[in-house]
Amino acid sequence: MLQELEDNYGYLFEKDLLKEIYTSGVIKEVSEGQKLIEIGDYIKFMPLLINGAVKILREDENGDELALYFLERGDTCAMTLTCCMGDTKSEIRAVAETDTRLIMIPVQKMSDWMSSYKSWQNFILQSYQSRMKEILEAIDTIAFLKMDERLLKYLRDKAMVNKEDLLKTTHQNIAYDLHTSRVVVSRLLKKLENENKIKLYRNSIKVIDL
DNA sequence: ACATTAAGTGATT
DNA sequence: AATCACTTAATGT
């Protein structure tokens, strides 16, 4: 596992810090579709992705979901970053997009290392910045109601995190993630197919224009 | 062969 | 862009 850490985080953190992560972190493996964090859960651990991908979702008062962004190798959840100061409930839900390996680090350690490791501090600040940027991007696409662009971005992101241009999903599931109706998704997908950006099959979509 | 589920389409708001 | 109502196509039993 130490080797695994070096392979994935060696370029970010110094040896001492990797050792610390190794001793206080716990490896967790989740399979596709499994829930990692539910809305309202108290956040006790900070996840560090080793491989795989995690989908971050928001939910409204009716229980309707909205996919915000994906986490990949080297990413961590911005939500946990803000709550090292005390017990905070999660505002989001995290679901494994693919089979995923990650390290769970107690939030206590997270703030300890902020003062003792410069590289850790940079990592946290940079993660925070890039998550913030993604959320702003998400707001932009939603606010300006460009559903076709949202859909294409979603498909590309999904293809990227899955490292696979053939997405195994249904129009209904996409509609759920984008918080729209299946009919709209079907029509927009059809349009994208006519523009030769994707190819449609039953239960799967091939993304061509990556 | 029949039921179920996914996807396509026209019309309406 | 959302919803409805309906059709067509694919898949499972």
Side-chain angles (χ1 to χ4, degrees), chain A residues 29-41 47 49 51-73 75 77-79 82 89-102 128-210:
Chain A
E29 296 198 33
V30 289
S31 45
E32 184 180 337
Q34 204 178 326
K35 244 183 289 183
L36 276 163
I37 297 168
E38 180 55 281
I39 295 164
D41 281 358
L49 286 249
N51 59 38
V54 176
K55 182 166 68 185
I56 305 299
L57 302 153
R58 192 92 171 90
E59 190 179 70
D60 70 9
E61 61 276 6
N62 304 319
D64 294 324
E65 319 195 307
L66 177 62
L68 290 179
Y69 52 79
F70 293 102
L71 296 180
E72 292 178 273
R73 188 191 83 151
D75 287 337
C77 178
M79 200 57 222
T82 57
K89 284 182 186 170
S90 177
E91 299 283 338
I92 50 90
R93 169 182 302 145
V95 180
E97 171 74 12
T98 64
D99 290 353
T100 302
R101 264 172 86 76
L102 47 85
Y128 193 76
Q129 196 198 343
S130 67
R131 291 307 118 206
M132 185 65 88
K133 216 174 116 190
E134 287 205 64
I135 289 175
L136 286 177
E137 258 180 48
I139 291 174
D140 282 350
T141 46
I142 296 162
F144 297 116
L145 298 173
K146 291 176 282 193
M147 190 50 94
D148 51 349
E149 283 180 31
R150 262 178 84 194
L151 178 60
L152 192 56
K153 182 183 187 317
Y154 172 85
L155 293 174
R156 283 173 175 162
D157 283 354
K158 201 175 172 74
M160 199 173 306
V161 300
N162 281 288
K163 297 181 180 70
E164 170 70 71
D165 59 359
L166 190 68
L167 304 174
K168 191 199 143 289
T169 184
T170 64
H171 297 187
Q172 184 60 70
N173 285 333
I174 296 171
Y176 205 45
D177 274 354
L178 296 183
H179 200 181
T180 180
S181 66
R182 194 226 90 217
V183 189
V184 170
V185 170
S186 290
R187 288 194 170 125
L188 291 174
L189 284 172
K190 196 82 203 166
K191 204 181 94 188
L192 291 174
E193 187 180 38
N194 290 333
E195 292 167 4
N196 283 318
K197 290 181 172 148
I198 59 172
K199 185 110 180 92
L200 298 174
Y201 308 94
R202 182 172 228 252
N203 279 315
S204 57
I205 298 162
K206 186 167 190 170
V207 183
I208 294 167
D209 189 15
L210 287 170

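On a predicted model such as this, the values are computed, not experimentally measured, just so you know. Throughout, a chain's letter reflects where its sequence line sits, starting with A, and its residues are numbered from 1.
At whole-Å resolution of the value, NE2 in A/H179 and P in C/dA2 are 9 Å apart. Taking atom NZ of A/K191 as the reference point, atom C1' of C/dA1 lies 12 Å away to the nearest angstrom. Rounded to an integer number of Å, the gap from CG of A/L188 to P of B/dG8 is 12 Å. Rounded to an integer number of Å, the gap from NZ of A/K168 to C1' of B/dA7 is 16 Å. Rounding to whole angstrom units, CG of residue A/L192 and P of B/dA7 are separated by 15 Å. To the nearest angstrom, P of C/dT7 lies 19 Å from NZ of A/K190. A straight line from CZ of A/R182 to C1' of C/dA9 spans 12 Å, rounded to a whole angstrom. Counting to the nearest Å, the P atom of C/dA2 and the CG atom of A/D148 are 12 Å from each other.
The base of B/dT5 sits with one of its N or O atoms less than 3.5 Å from a complementary donor or acceptor on the side chain of A/R202. Side-chain to base pairing of A/R187 with C/dA1: no donor and acceptor N or O lie closer than 3.5 Å to each other.
Of the charged side-chain nitrogens involved, at least one lies within less than 4.0 Å of a carboxylate oxygen, so that A/K153 and A/E137 count as a salt-bridged pair.
Residue A/Q129 places its CD atom among 12 or fewer non-hydrogen atoms of other residues, nucleotides or ligands, all under 6.0 Å distant.
With no hydrogens or angles considered, a side-chain donor-acceptor pair links A/Y154 and A/D177 at under 3.5 Å.
Using a 4.0 Å heavy-atom distance criterion, A/S181 is classed as a base contact.
The side chain of A/H171 has B/dA7 as its nearest neighbour among C/dA2, B/dA7, C/dT3. In the set C/dA2, B/dA6, B/dG8, the nucleotide with an atom closest to the side chain of A/N203 is B/dA6.
No donor-acceptor pair closer than 3.5 Å links the side chain of A/N203 to the backbone N or O of A/T169.
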